[in-house]
Amino acid sequence: MPERRIHGPQARPTPPVGTVAYPSTLPSDVRVGDFLYLNGSFQRVQDMRTASTSGHRILHFAGRAPLIMRKALTVYRPLTPR
């Protein structure tokens, strides 16, 4: 009898090289250039705007629809040389 393989959820890819995870980052603390994990890949914030309230941000990415960030998410921020 052939072996049945059960495919579970795929593991999250590794974050972009040279970035550090900042868990529970509020929308007001996100910066242009940060990365977010969305739909199976890491997306770089290209631009952002404030939404109707100060606690929300509209994040723009290359090749993806904008995201309204309403709650704290894990953000991956590139290391900057000192």
Side-chain angles (χ1 to χ4, degrees):
M1 185 174 243
E3 181 182 331
R4 279 186 71 190
R5 294 183 186 223
I6 300 173
H7 297 286
Q10 290 188 339
R12 178 182 281 199
T14 57
V17 175
T19 60
V20 174
Y22 288 87
S24 301
T25 302
L26 297 172
S28 59
D29 295 331
V30 175
R31 301 176 189 170
V32 171
D34 287 349
F35 290 87
L36 276 80
Y37 183 74
L38 303 168
N39 297 331
S41 65
F42 288 93
Q43 302 289 325
R44 184 172 186 257
V45 177
Q46 300 289 326
D47 193 16
M48 66 181 157
R49 302 280 185 253
T50 56
S52 58
T53 65
S54 62
H56 296 83
R57 293 282 187 266
I58 301 171
L59 307 178
H60 295 268
F61 307 92
R64 187 187 187 287
L67 169 77
I68 299 174
M69 186 174 173
R70 296 181 175 98
K71 61 180 183 175
L73 297 173
T74 299
V75 170
Y76 296 85
R77 188 161 290 154
L79 296 172
T80 55
R82 289 184 175 203

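Keep in mind that this is a model prediction, so the values were computed, not measured. Residue numbers count from 1 along this sequence.
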ILVMFWY network linking Leu38 to Val75, side-chain heavy atoms under 4.5 angstrom | yes

For the hydrophobic clusters of this structure (ILVMFWY residues joined by side-chain heavy atoms under 4.5 Å, transitively), does one cluster hold both Leu26 and Leu59?
no

In short, side chain to side chain donor-acceptor pair (under 3.5 Å) pairs touching residues 24-45 with sequence neighbours left out are Asp34-Arg77, Ser41-Gln43

Val32 and Val45 have their tightest heavy-atom pair at CG1-O, 3.6 Å

Looking only at heavy atoms, the pair that brings Pro27 and Gly55 closest together is CG-O, 3.2 Å

Residues joined to Ile68 in its hydrophobic cluster, side chain to side chain under 4.5 Å directly or through other members, sorted by chain and number, are Ile58

Check: Got Phe42 and Thr19 here, is their nearest side-chain heavy-atom distance under 4.5 Å?
Finding: no

Sorted by chain and number, sequence neighbours left out, side-chain contact (heavy atoms from CB on, under 4.5 Å) with Val20 holds for Tyr22, Leu79

With sequence neighbours left out, the residues meeting side-chain contact (heavy atoms from CB on, under 4.5 Å) with Thr50 are Arg57

Residue set satisfying salt bridge (charged side-chain N to carboxylate O under 4.0 Å, His left out) with Arg70, at least two apart, ordered chain then number -> none

Residue set satisfying ring-ring contact (aromatic ring centres under 6.0 Å, His included) with Phe35, at least two apart, ordered chain then number -> none

